[in-house]
Protein chains: 2
Amino acid sequence: MKKSPLITVYHCLCDETRLRIVHLLQQAPLCVCHLQDLLGLTQVAASKQLAYLRKRGVVEARRHEQWMIYSLPQAPSPELDWQLRCLQDCLTTHPVFRNDLRRLKKLQPACCWAAKAIRQDRPLTKKN
Amino acid sequence: MKKSPLITVYHCLCDETRLRIVHLLQQAPLCVCHLQDLLGLTQVAASKQLAYLRKRGVVEARRHEQWMIYSLPQAPSPELDWQLRCLQDCLTTHPVFRNDLRRLKKLQPACCWAAKAIRQDRPLTKKN
DNA sequence: GACGTATATTCCCGGTTCTGCATATTCCAT
DNA sequence: ATGGAATATGCAGAACCGGGAATATACGTC
């Protein structure tokens, strides 16, 4: 039996790791190793949570060379859209999420330059 | 380890039964047997989901004679408050929830007159 | 085609959650 | 105090979830 889309969204957001991922992706598209690094996750943990979110339409992924770049969907479902708006207001008061933001600002893209390029709105082509 | 209040709220809402309960309580305080009836739940299922929500501050209960009247908290946490606002906009489009509303309108309080009294803003005293 | 890096998938385990059944508790009327 | 209606709780099994280890796949470089 198919679940209501709203419930699916709630399932995605009811885990702290996933919530932090979504929150970070609200700022910028990021590759797996960035998320791994920012959130202190093992490779498996990061990959699995991303797969979970992806399967449910909360994030999208596209491959760029050897990196998978994750981002929020350009056309989110109405239910997701609502929640994303809520998050921006809710999460700013929680230390964990403020801290994630702070670390994101300082991020030196060691492994993959794509995220930085995207954050600066430069086209995603090689050699920056 | 203590969970973030937002995540607690998401946990409460990521189950269809609980979501329907919260949705109904947005309309009016209700006793257990009403919810049982409206949602087609067994007594145990209704009681347990309500206990779940109550423990996490999403609903409140007070006894009135032999009935437990459940309602949304007068002073919800900011996180819950946000979600309750969202729900009003999100749920109206889903058939399950529209249907619950329809049945609520028609509700004949067979077991307990309290909910009806409350819905009509009459004081909760005996003999109506 | 061999290798290294980045990522995904599979299998397994411990912990949590959900459900049903039986039982307990609370309140009210007699 | 006894019985009935409404509700809660304890327990046991099923289902689900998240994490780790090992393995597989995809891409780029040489």
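Naming: A, B, ... by sequence-line order, numbering from 1 per chain.
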Could you please spell out the steps behind the side-chain contact (heavy atoms from CB on, under 4.5 Å) verdict for A:Q74 and A:E60? CA-CA 9 Å; A:Q74 310 102 354; A:E60 286 176 352; 3.4 Å; yes

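Using a 3.5 Å distance cut-off with no hydrogens or angles, the side chains of B:E79 and B:Y10 do not pair a donor with an acceptor.
Residue A:R18 contributes atom CZ, which lies 15 Å from atom P of D:dC16 at whole-angstrom precision. Distance B:L41 CG to D:dA8 P: 13 Å, rounded to the nearest Å. If you measure from atom NE2 of A:H11 to atom C1' of D:dG18, you get 15 Å, rounded to the nearest angstrom.
Under the 4.5 Å side-chain heavy-atom criterion for ILVMFWY residues, a single connected hydrophobic cluster contains both B:L72 and B:L39.
Within the nucleic acid shown, A:D15 comes within 4.0 Å of sugar-phosphate atoms alone, with no base atom in reach, counting heavy atoms only.
In this structure, B:R18 contributes its side chain and B:H11 its backbone to a donor-acceptor pair below 3.5 Å.
Within residues 43-51 of chain A, the residues having any heavy atom under 4.0 Å from DNA chain D are, by residue number, A:V44, A:K48, A:Q49.
Cluster partners of B:W82 are A:W82, counting Ile, Leu, Val, Met, Phe, Trp and Tyr whose side-chain heavy atoms approach within less than 4.5 Å, directly or via other members.
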Please write out the pairs of protein N or O atoms and N or O atoms of nucleotides 24-26 of chain D separated by less than 3.5 Å, giving the distance to one decimal.
none

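Among residues two or more places apart in sequence or in another chain, the side-chain contact (heavy atoms from CB on, under 4.5 Å) test is passed with B:R54 by B:V59, B:A61, B:M68, B:Y70. Under the rule for a ring-ring contact (aromatic ring centres under 6.0 Å, His included), B:Y52 has no partner lying at least two apart in sequence or in another chain.
For the OP1/OP2 pair of D:dA8 and a distance below 4.0 Å, the side-chain nitrogens and oxygens of B:Y70 include at least one atom meeting the criterion.
Applying the salt bridge (charged side-chain N to carboxylate O under 4.0 Å, His left out) definition to pairs two or more places apart or across chains, those involving residues 20-30 of chain A are A:R20-A:D100.
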